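Notes follow once the structure below has been shown.
The model shown is predicted, which means the values in this text are computed figures rather than measured ones.
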Amino acid sequence: MFSISTEGLKKHFGAVKALEGASLDFSAGLLHGLIGSDGAGKTTTLRLLSGLLRPTAGAISYRKEGRAVPFAELRASLAYMPQQASLYPDLSVAEHMEFFRELYRLDAATFKKRSEELLEITRLGKFRERRAGQLSGGMYKKLGLMCALLQSPSVLLLDEPTNGVDPISRREFWELLYALAEQKILIIVSTAYMDEAERCSRVHLLDAGRLLASGEPRAVLKERGAASFEEIFIRGAGG
């Protein structure tokens with residue numbers, strides 16, 4: 001299993017300090033939540049962890065079974081689902097699966113087994129021929145997750161996967177994440193929904209690029225003497 005940690009991680013875009021000295025520990029096989037409002041630094045953090053951005057300062061460490069490994073060793077086991085629409089509206093669910101099969105270079109037997117499993121757990125099996133542009137918001141996000149999971153990743157980075165999704169689809173999406181967490185996949189999911197913080201094994205609260213708190217959700221609330229995560233953010237913002 002893989003784990004990731006950062007030390008004093010910073011990312012500046014000119015005068016904009018998107019991330020300012022965050023030290024984070026993403027323990028192996030757990031469901032971690034990056035919690036914060038827009039502009040908190042969540043997307044920047046995920047892009048740094050996935051190698052899409054280089055840090056301005058600080059360090060990122062990757063470990064496999066407790067030993068330090070280079071990012072190159074993790075890369076093939078990592079899947080990243082961005083917040084922005086990244087699917088092709090004119091391609092069907094089945095065509096997306098075929099496209100990612102070619103991208104990941106999966107053999108026929110592996111692809112058949114994996115795709116059938118994913119179509120079942122996402123409940124998209126009866127929508128194989130529907131184009132992505134005709135899917136509901138929740139179904140679209142499930143298709144994106146399914147494409148990311150086709151390669152059987154050990155590390156899954158999800159950038160606000162439930163943003164703009166109806167409550168029922170949000171609940172179903174989290175059920176999928178729980179099922180994946182049971183497979184001991186390291187999952188890091190970002191969200192601006194405070195109620196989703198309590199669904200995570202560990203939370204990391206970001207505000208304007210700075211880390212407010214990390215830990216098990218109930219322990220963080222108790223330590224901060226707060227009744228809710230909203231209260232912690234209000235205090236952190238000086239309210």
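Looking at Cys147 and Phe99, their side chains never come closer than 4.5 Å, going by heavy atoms from C-beta outward. You'll find the side chain of Val93 reaches within 4.5 Å of the side chain of Leu119, heavy atoms only. No side-chain heavy atom of Ile60 sits less than 4.5 Å from a side-chain heavy atom of Phe71. Residues Pro217 and Val203 form a side-chain contact, since some pair of their non-hydrogen atoms from C-beta on lies under 4.5 Å apart. Counting only heavy atoms from C-beta outward, the side chains of Leu49 and Phe26 approach each other to under 4.5 Å. Trp174 is listed as a side-chain neighbour of Glu196, based on a closest heavy-atom distance under 4.5 Å. Counting heavy atoms from C-beta on, the side chains of Thr45 and Lys42 never come closer than 4.5 Å. A heavy-atom distance below 4.5 Å is not found between the side chains of Ile35 and Phe229.
Look at Glu65 and Lys184 and you find no salt bridge, because none of the NZ, NE, NH1 or NH2 atoms lies under 4.0 Å from a carboxylate O.
Remark: Ile232 CD1 to Leu221 CG distance equals 5.0 Å, nearest 0.5 Å. Within the model, atoms CZ of Phe233 and CG of Leu206 stand 7.0 Å from one another, a figure rounded to the nearest 0.5 Å. The distance from the CZ atom of Arg171 to the CG atom of Asp166 is 9.5 Å, given to the nearest 0.5 Å. Put simply, CG on Leu186 and OG on Ser27 are 8.5 Å apart, with the number rounded to the nearest 0.5 Å. To the nearest 0.5 angstrom, Arg202 atom CZ is 6.5 Å from Glu216 atom CD. Considering OG1 of Thr191 and CG of Leu34, their distance stands at 10.0 Å, rounded to 0.5 Å.
With a 6.0 Å radius and a threshold of 12 heavy atoms from other residues, nucleotides or ligands, Tyr88 has its OH atom at or below the threshold. Counting heavy-atom neighbours within 6.0 Å of Arg210 CZ, excluding the residue itself, gives a total of 12 or less. For Glu73, the CD atom is densely surrounded, since the number of other residues' heavy atoms within 6.0 Å is greater than 12.
Closest heavy-atom contact between Ile187 and Ala181: CD1-N, 3.8 Å. When all heavy atoms of Thr44 and Ala18 are compared, the closest pair comes out as OG1-CB, 3.6 Å. Considering all non-hydrogen atoms of both residues, Leu157 and Leu46 come closest at CD1-O, 3.8 Å. The two residues Ser214 and Leu24 make their nearest non-hydrogen contact at OG-CD2, 4.3 Å. Contact record, Ala28 with Ser3: N-CB, 3.7 Å, taken as the closest heavy-atom pair. Residue Asp90 comes nearest to Glu95 through the heavy atom pair O-OE1, 4.0 Å, listed as atom of the first residue, atom of the second, then distance.
When atom types are taken as modelled, the side chain of Glu231 and the backbone of Ala227 share a donor-acceptor pair closer than 3.5 angstrom. The main-chain N or O of Gly8 is found under 3.5 Å from a side-chain atom of Ser23 such that the two form a donor-acceptor pair. Within the 3.5 Å criterion, the main-chain N or O of Arg224 finds a donor-acceptor partner in the side chain of Arg235. Side-chain atoms of Gln151 never come within 3.5 Å of backbone atoms of Pro153 as a donor-acceptor pair (strictly under, hydrogens ignored). The backbone N or O of Met139 lies less than 3.5 Å from a partner atom in the side chain of Ser136, making a donor-acceptor pair. In this structure a side-chain-to-backbone donor-acceptor pair under 3.5 Å is present from Lys141 to Asn163. Checking side-chain atoms of Arg105 against main-chain N and O of Glu102 turns up no donor-acceptor pair under 3.5 Å.
Between Tyr104 and Phe100, the angle of the ring planes lies from 30° to 60°, which puts this pair in the tilted group. Classification of the His32-His204 ring pair by plane angle, with boundaries at 30° and 60°, yields parallel.
Linking Ile, Leu, Val, Met, Phe, Trp and Tyr whenever their side-chain heavy atoms come within less than 4.5 Å leaves Met81 and Leu30 in two separate clusters. Hydrophobic clustering (ILVMFWY, side-chain heavy atoms < 4.5 Å, transitive): Leu106 and Leu149 are in one cluster. Follow the hydrophobic side-chain contacts under 4.5 Å out from Met194 and you never reach Phe173; the two are in separate clusters. The cluster map of Ile, Leu, Val, Met, Phe, Trp and Tyr, joined by side-chain heavy atoms under 4.5 Å apart, puts Tyr140 and Tyr80 in different clusters. In this structure, Ile185 is not a member of the same hydrophobic cluster as Leu78, with clusters built from ILVMFWY side-chain heavy atoms closer than 4.5 Å.
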Give the C-alpha distance, both sets of side-chain angles, the deciding distance and a yes or no for side-chain contact (heavy atoms from CB on, under 4.5 Å) between Leu143 and Met146. CA-CA 5 Å; Leu143 176 57; Met146 188 163 59; 3.6 Å; yes
Evaluate Leu177 against Leu158 for side-chain contact (heavy atoms from CB on, under 4.5 Å), listing each step before the verdict. CA-CA 10 Å; Leu177 294 185; Leu158 305 173; 3.5 Å; yes
Determine whether Leu156 and Ile188 satisfy the following criterion, side-chain contact (heavy atoms from CB on, under 4.5 Å), listing intermediate values before the conclusion. CA-CA 6 Å; Leu156 183 60; Ile188 305 175; over 6 Å; no
Could you go through the salt bridge (charged side-chain N to carboxylate O under 4.0 Å, His left out) check for Arg128 and Glu116 one step at a time? CA-CA 11 Å; Arg128 294 171 189 253; Glu116 290 299 330; 3.1 Å; yes
After noting the C-alpha distance and the side-chain angles of Lys142 and Leu176, does the key distance pass the side-chain contact (heavy atoms from CB on, under 4.5 Å) rule? CA-CA 9 Å; Lys142 287 181 181 179; Leu176 286 175; 4.2 Å; yes
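For Ser61, the side chain to side chain donor-acceptor pair (under 3.5 Å) criterion is met by no residue, not counting sequence neighbours.
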Under 3.5 Å, which donor-acceptor pairs link side chains of residues 10-17 to any protein atom two or more places apart or in another chain?
from, atom 1, to, atom 2, distance (Å)
Lys11, NZ, Arg54, O, 2.8
His12, NE2, Glu20, OE1, 2.6

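Asp159 and Ser190 share a side-chain donor-acceptor pair at under 3.5 Å.
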